[in-house]
Each structure stands twice: as structure tokens, then as C-alpha cells.
Amino acid sequence: AQKVTQAQTEISVVEKEDVTLDCVYETRDTTYYLFWYKQPPSGELVFLIRRNSFDEQNEISGRYSWNFQKSTSSFNFTITASQVVDSAVYFCALSEARIRGDKIIFGKGTRLHILP
Amino acid sequence: GAGVSQSPSNKVTEKGKDVELRCDPISGHTALYWYRQSLGQGLEFLIYFQGNSAPDKSGLPSDRFSAERTGGSVSTLTIQRTQQEDSAVYLCASSPQWEAKNIQYFGAGTRLSVL
């Protein structure tokens, strides 16, 4: 069965600190996609990144970076030099290619507080 | 272009009443999804549409929930005889095609409160 676990329900860090959000997934499929979405207080989920199961290269986008490790079924997200605007709920998600349609399975999210 | 639009943004209703929630996807997006987000919970998949058909209705929590999509565009999620446990934010998303790799674009949601 497919499952996404975000063990950290809530994290608080002081501005400018680095923070890593953990994501562990379960799937029986060999082809799948992993996503991170950000949900700011306004409520609208914002897409951050998509990775497919065949591409384990880490990715960096500005202050954001992602570490995908198939060996540990993890897709962790790191924010470097955090800012108050990074405060939001962050969701990790999984979509299996074999599943009809694109039902995404979301984790329960990690609420991130960046303290000024 | 415009993003996914949902209306109303907030809805307060009395227990036992019916409610309709509307989603207007991004123009040209063929796939449309409904999710429910309860307080402190993740996103719970409800239903998706490819065009006007709904191949997967497995996420609908009960027969009080139904959804339709007409003209391959606007979708309506209907909840009949609302219960207090239906209180949640209902999110709609759309994507260009029906493929697992596709990014889903979300609306801001409808916050439903059942009194």
C-alpha cells in the first residue's frame, strides 16, 4: 500500500537557521513521483517540486534543497537560512504511475514556524 | 491566466442542510480533483474527474457526498444532510492531463462549517 509519513507535526526555528523536513514513503511500484507542496496561511497549496523515482539527484533551488534517497525511501526537504515567509504547512506527497488517475497520497504535513 | 477558483470561500450551514461547493479549474485542464482537509489533518482524497467522468469515487466518505462535472470544466461537490463531522476545508485541484507525473494546481478551498 502507498503511504507517506511526515513524522514531524510541528517545528519551530529562529529565523536564519536551517531546517529539514522529513518525508518517508511506502510504495510497491517501481515508477512513482514524489512532490512537496507548501500551504501558507492563505490556504492555497503551492507546488514546490516533483521528482520521479528514476532520478535520485539532489536538487537545489535557491534556499530550498531536496534529498531523495531510494535506499531509505526518503525525500527530505531543507530550507537554508530560513525566513519568516517560510512559515507554512509543508506536505510531502506520492503518486504511483500504475494507479489509474493521479490520486496523490499526501502526508499529514509539517507545520513550520519561523520565529523572528 | 487564472488559477483554480473555488466558491464560496466560506460556508456556514446548519446540520441537516444540503450544500454545494463549486470548483472552476484552470482553463484547458482535463483532470480535476477534490480533497478534504480536516483540522490538523492531511489531505484526504475524495474523487477525481477525467473530463466529465469520475473513474475513481473510492474516496467519497458516504453516499451523502456526490460530485459532478459538466462540459469538462466546472465541478460541483454536493453534500446532503450535512453533519458536524463534515466541517472541513474542501480543496479542488486541476491538472493538464491524466498522468501520475502531473502537477496538481490547487484552489484556495472552501471552508465548510456545519453548526
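All values reported here derive from a predicted model rather than from experimental measurement. Sequence lines set the chain letters: A, B, ... in the order given, protein chains first and strands last, and positions in each chain run from 1.
Residue contact with chain A, scored on non-hydrogen atoms closer than 4.5 Å, is absent for B:Ser9. For B:Leu91, the part lying near chain A is the side chain, with the backbone staying farther off; criterion is any non-hydrogen pair under 4.5 Å. For chain B, the nearby part of A:Gln39 is the side chain; its heavy atoms alone come within less than 4.5 Å.
More than 12 heavy-atom neighbours from other residues, nucleotides or ligands sit within 6.0 angstrom of CZ on A:Arg51. Other residues, nucleotides and ligands place no more than 12 heavy atoms under 6.0 Å from the CD1 atom of A:Ile60. Around CD of A:Gln57, the count of heavy atoms belonging to other residues, nucleotides or ligands within 6.0 Å does not exceed 12. The environment of NZ in A:Lys70 is crowded: more than 12 heavy-atom neighbours from other residues, nucleotides or ligands sit within 6.0 Å.
Residues B:Gln37 and A:Phe91 are in side-chain contact: their nearest non-hydrogen atoms beyond the backbone lie under 4.5 Å apart. With a 4.5 Å cut-off on side-chain heavy atoms, B:Ile103 and A:Tyr33 do not count as touching.
None of B:Tyr105, B:Tyr35, B:Phe106 except one satisfies the side chain to side chain contact (heavy atoms under 4.5 Å, CB included) rule with A:Leu45; the exception is B:Phe106.
Scanning residues 68-76 of chain B against chain A with a 4.5 Å heavy-atom cutoff picks out nothing at all.
No other option in B:Gly109, B:Gly107, B:Ala93 has as many heavy-atom pairs under 4.5 Å with chain A as B:Gly107.
Note: the hydrophobic cluster containing A:Val24 does not contain A:Leu34 (ILVMFWY, side chain heavy atoms under 4.5 Å, direct or indirect links).
A:Arg50 and B:Asn102 make their closest contact through NH1-CA, 4.1 Å (heavy atoms, listed as atom of the first residue, atom of the second, distance).
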